[in-house]
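So the structure is just underneath, and the comments pick up after that.
Residues: numbered from 1 along the sequence shown. What you are looking at is a predicted structure, and each value in this text was computed from that prediction instead of being measured. Side chains are part of it too, since the values below use all heavy atoms of this structure and drop only hydrogens, waters and symmetry mates.
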Amino acid sequence: MFLTAEHISFQYGAPPGRSRVRTGEGRAFALDDVSFTVERGSLTGLLGPNGCGKTTLLKLIAGVLRPHQGTVALEGRSVADIPRRQLAQRVAVVPQETHPAFDYTVLEMVLMGRHPHLGLLQLEGPDDLRIGGEALAATGTTHLAARPYMTLSGGEKQRVVIAGALTQQPGVLLLDEPTASLDLAFQLEIAALLSRLNRDRGVTMVLATHDLNLAAALCDALVLIRDGRVLARGATRDVLTSDMVRRLYGVEADVRFHEPSGHVTVVPVRRAP
């Protein structure tokens with residue numbers, strides 16, 4: 001398997017090296033015995049209510065956090081054993097929000113993705129500028145290169161952050177709520193961009209989202225998480241059902257195949273009794 005999480009448990013505030021994570025100890029519980037696999041070149045969605053552990057799981061995959069139990073492995077090698085610089089060359093993260101400390105231009109923001117490939121105090125060279133330019137072109141943001149990042153719209157910012165992640169030339173792209181707070185047009189734009197990058201560049205993606213219809217449109221496979229545990233995992237068409245939406249969110253929903261869009265759509269109806 002390309003990317004695996006095996007029996008992952010994590011609890012904020014728990015001391016390292018615990019053999020078992022337990023609730024009820026005054027600490028913030030996150031994940032308990034989570035396992036799943038991600039195939040190379042696939043697009044996997046993480047679904048679940050607020051606070052279920054989706055963002056924590058992305059941080060564990062990225063090596064930002066270390067599990068108290070279990071292993072995250074990339075091509076058979078534990079993420080914990082991969083040096084940070086090497087890991088950053090292989091795994092890129094697109095967070096929910098990006099707030100730079102200075103008023104960088106779009107090009108400067110994008111070229112930050114080259115830092116894992118540069119030596120100490122080394123500046124970007126022609127190859128780095130070429131790679132940054134290709135990432136701008138791939139995300140449709142070339143015309144924004146000279147603009148201050150903070151003057152962009154939400155959808156433009158998100159495309160620029162994705163461009164920056166692409167300049168890392170990663171094999172894995174982790175995205176945390178990439179369409180949150182975007183209007184409908186920008187949601188569709190980002191969805192189309194991710195689909196194109198996954199298809200044309202073969203980038204493996206793991207996407208955490210609350211948008212069930214986005215997940216239905218984009219994802220090959222889903223991992224459903226509730227209360228820090230995996231409720232279900234498998235192919236999107238098998239996992240995204242009315243029964244699973246009820247169990248995951250406590251909501252009655254109409255889930256059916258939508259011919260014009262070519263994928264399953266989810267329409268929430270009411271809270272489940």
Heavy-atom closest pair, residues [X] and [Y]:
X	Y	answer
A215	T236	O-CG2, 4.3 Å
G48	K54	O-NZ, 2.9 Å
G155	L182	N-CD2, 3.6 Å

Non-hydrogen side-chain atoms of L224 and V239 separated by less than 4.5 Å: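 Of all side-chain heavy-atom pairs linking V239 with L224, at least one is under 4.5 Å.
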Has [X] got a side-chain atom pairing as donor or acceptor with [Y]'s backbone, closer than 3.5 angstrom?
X	Y	answer
E134	I131	no
T167	V110	yes
D128	R114	no

Side chains of D176 and T55, donor plus acceptor under 3.5 Å: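 Side-chain D/A pair, D176 to T55: present.
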Do the side-chain N and O atoms of H263 and N213 include a donor-acceptor pair separated by under 3.5 angstrom?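 Distance-only check fails for H263 and N213.
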Test applied, side chain to side chain contact (heavy atoms under 4.5 Å, CB included); reference residue, F36; option that passes from L57, I8, L222, T4: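 With F36 as partner, L57, I8, L222, T4 yield a single side chain to side chain contact (heavy atoms under 4.5 Å, CB included), made by L57.
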Can you tell which of N198, T209, L194 makes a side chain to side chain contact (heavy atoms under 4.5 Å, CB included) with L218?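 In the set N198, T209, L194, the residue that makes a side chain to side chain contact (heavy atoms under 4.5 Å, CB included) with L218 is L194.
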Taking atom CZ of R201 and atom CG of L173, what is their separation to the nearest 0.5 Å?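 Atom-to-atom, R201:CZ and L173:CG are 11.0 Å apart.
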Does [X] [atom1] have over 12 foreign heavy atoms under 6.0 Å away?
X	atom1	value
R256	CZ	no
R66	CZ	no
R237	CZ	no

Please evaluate residues V72 and S78 with respect to the criterion side-chain contact (heavy atoms from CB on, under 4.5 Å), reporting the C-alpha separation (whole Å), side-chain torsions for both, the decisive distance (0.1 Å), and the verdict. CA-CA 6 Å; V72 178; S78 172; over 6 Å; no
Assess whether a salt bridge exists between R271 and E252, defined as any Lys/Arg side-chain N lying under 4.0 Å from an Asp/Glu carboxylate O.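 Not counted as a salt bridge, because no side-chain N and carboxylate O are separated by less than 4.0 Å.
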I'd like to know if E189 and R159 make a salt bridge, using a cut-off of under 4.0 Å between side-chain N and carboxylate O.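 Between R159 and E189 there is a salt bridge, with a charged N closer than 4.0 Å to a carboxylate O.
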Should L65 and V230 be counted in the same cluster of Ile, Leu, Val, Met, Phe, Trp and Tyr side chains packed under 4.5 Å apart?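 As far as the 4.5 Å side-chain criterion goes, V230 and L65 are connected within one cluster.
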